[in-house]
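Below is one structure, written out as structure tokens; comments come after it.
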Amino acid sequence: MRAMVLQKPAPVDSAPLHLQEVPTPTPAAGEIRVRVHCCGVCHTDLHTVEGDLQLPKLPIIPGHQVVGVIDSLGAGVQIFRGGERVGIPWLNWTDGTCRYCRAGQENLCDRARFTGLHVDGGYAEYVVINENFAYPIPEQFSDLNAAPLLCAGMIGYRSFRLSNLPENGRLGLYGFGASAHIVIQLARHLGHEVYVFTRSPKHRELATRLGAAWVGTAEEKAPAELDSAIIFAPAGALVLDALRGVRKAGTVTLAGITMSPIPQMDYALIYQEKILRSVANLARQDAREFLALAAQVPVRTEVQTYPLEQANQALFDLKHSRIDGAAVLRVLS
Ligand SMILES: [Zn+2]
Ligand SMILES: [Zn+2]
């Protein structure tokens, strides 16, 4: 099969992914094989390719927002049948036995494996996965529009869920990429007001189009006090801006997998019982709940597509905030 393979991490400007012919995987017992139609491009892929994350497997095929159709079943598969359309997200496998799994926090599993990091992902024509970690895609979504739901959407949903927003709340979003453009739709559907902080003129325009109550830059003060804020941009200084913007006992949620150092701050910024928390990965329950909610809204994703072999270009554009909405690789064209 054809795949974009990372042999060695390097700055994305040097095009570290190479188009290669690699053996098509065979599904083991309990696994399904998916013929990939498309795969979303995520900031985490950028951190993988550039080596900001520790890479447990090299070479690796990145990609963890996979949409495709099941073309082969391993022994004993019970949930799915051949021909069904499924999505594969970041959470690839958990042990089910560690203290976190037993406490309903499998997103923090001590032995969790992630798609495109520990296990080859969707920048390829085929992917295999344990059937318990794949999800049927609601029929109202096209393949391309479904791809960003699988990480941007699911992680966005978890961040939203953990941000303790009261009814008819006021939510701030810092950064307006793939995740935020989905979260704003969930939040508005549920009756909240959304305030968007971003520098990019294109992102500001998209935020306005999606119904933001106000759009400004992080240095500006929103015209109303916020109940909660979610930071999607990986800039530590935003933590201070967001804490300044939320009310007493407000929650600031950090959605990224990496962030530049958070500057020193006065205690007064977090006093008054403000809550600062990060979000790590997703649990299967997030995936199921989010897909059901996204279908009900229904969430409309903006996608910018690239052929598989232009994965380096897609990552480059993502790095330089040149994507409106989400980038998606077309694999089966
Ligand atoms: Zn576990
Ligand atoms: Zn991701």
Side-chain angles (χ1 to χ4, degrees), residues 4 6 12 17 36 38-50 52-56 60-67 87-123 127 129-130 132-135 146-160 175-183 230-234 253-259 278-287 290-291 294 299 301 303-304 311 314-315 317-319 323 325-329:
M4 290 299 280
L6 181 74
V12 73
L17 292 169
V36 180
C38 61
C39 183
V41 177
C42 174
H43 264 280
T44 301
D45 301 337
L46 189 58
H47 296 308
T48 302
V49 165
E50 296 202 322
D52 303 327
L53 298 181
Q54 271 219 327
L55 302 183
I60 181 79
I61 302 170
H64 57 269
Q65 303 187 87
V66 188
V67 177
I88 301 174
W90 174 241
L91 188 73
N92 188 277
W93 181 84
T94 56
D95 60 12
T97 55
C98 75
R99 62 180 293 183
Y100 297 102
C101 284
R102 282 185 282 122
Q105 294 172 299
E106 68 173 351
N107 59 303
L108 301 176
C109 175
D110 285 332
R111 293 170 64 214
R113 295 203 287 254
F114 301 110
T115 312
L117 186 70
H118 299 87
V119 181
D120 284 333
Y123 290 13
V127 175
I129 186 160
N130 181 292
N132 293 304
F133 292 86
Y135 308 87
L149 302 177
L150 292 158
C151 185
M154 288 174 182
I155 300 282
Y157 171 73
R158 185 173 176 87
S159 308
F160 174 74
F176 202 73
S179 225
H181 100 289
I182 295 173
V183 169
I230 306 174
I231 302 183
F232 292 105
T253 305
L254 315 180
I257 195 167
T258 64
M259 185 174 250
S278 67
V279 164
N281 315 312
L282 73 152
R284 279 174 281 181
Q285 196 184 340
D286 295 310
F290 169 69
L291 286 174
V299 167
T301 55
V303 297
Q304 205 163 307
L315 287 165
D317 290 348
L318 184 65
K319 185 173 181 177
I323 308 283
V328 179
L329 302 178

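Just so you know, ligand 1 is whichever comes first in the structure, and atom 1 is the first atom listed for that ligand. For reference, positions follow the sequence shown, starting with 1.
Counting heavy atoms from C-beta on, the side chains of Q65 and M154 never come closer than 4.5 Å. Side chains of I231 and T253 form no contact here, defined as non-hydrogen atoms less than 4.5 Å apart. Considering only heavy atoms from C-beta on, M259 comes within 4.5 Å of L254 through its side chain. Annotation: side chain of I60 is not in contact with side chain of L117 (no heavy-atom distance under 4.5 Å). Taking the side chain as every heavy atom from C-beta outward, V67 and C39 never approach each other to under 4.5 Å.
Excluding waters, the protein N/O/S atoms found under 2.8 Å from the Zn ion (ligand 2) are C42 SG, H64 NE2, C151 SG.
Of all protein N/O/S atoms, those lying under 2.8 Å from the Zn ion (ligand 1) come to 4.
Remark: R284 is positioned above the aromatic ring of F133, its terminal NZ or CZ atom under 6.0 angstrom from the ring centre and at most 45 degrees off the axis.
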Problem - Verdict with reasoning, L53 to T258, per side-chain contact (heavy atoms from CB on, under 4.5 Å) - result: CA-CA 9 Å; L53 298 181; T258 64; 4.3 Å; yes

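Listed by chain and residue number, C98, Y100 satisfy the side-chain contact (heavy atoms from CB on, under 4.5 Å) test with D110 (two or more places apart in sequence, or in another chain). In this structure, the side-chain contact (heavy atoms from CB on, under 4.5 Å) partners of V41, at least two apart in sequence or on a different chain, are D45, Y123, A314, L315, L318, A327, L329.
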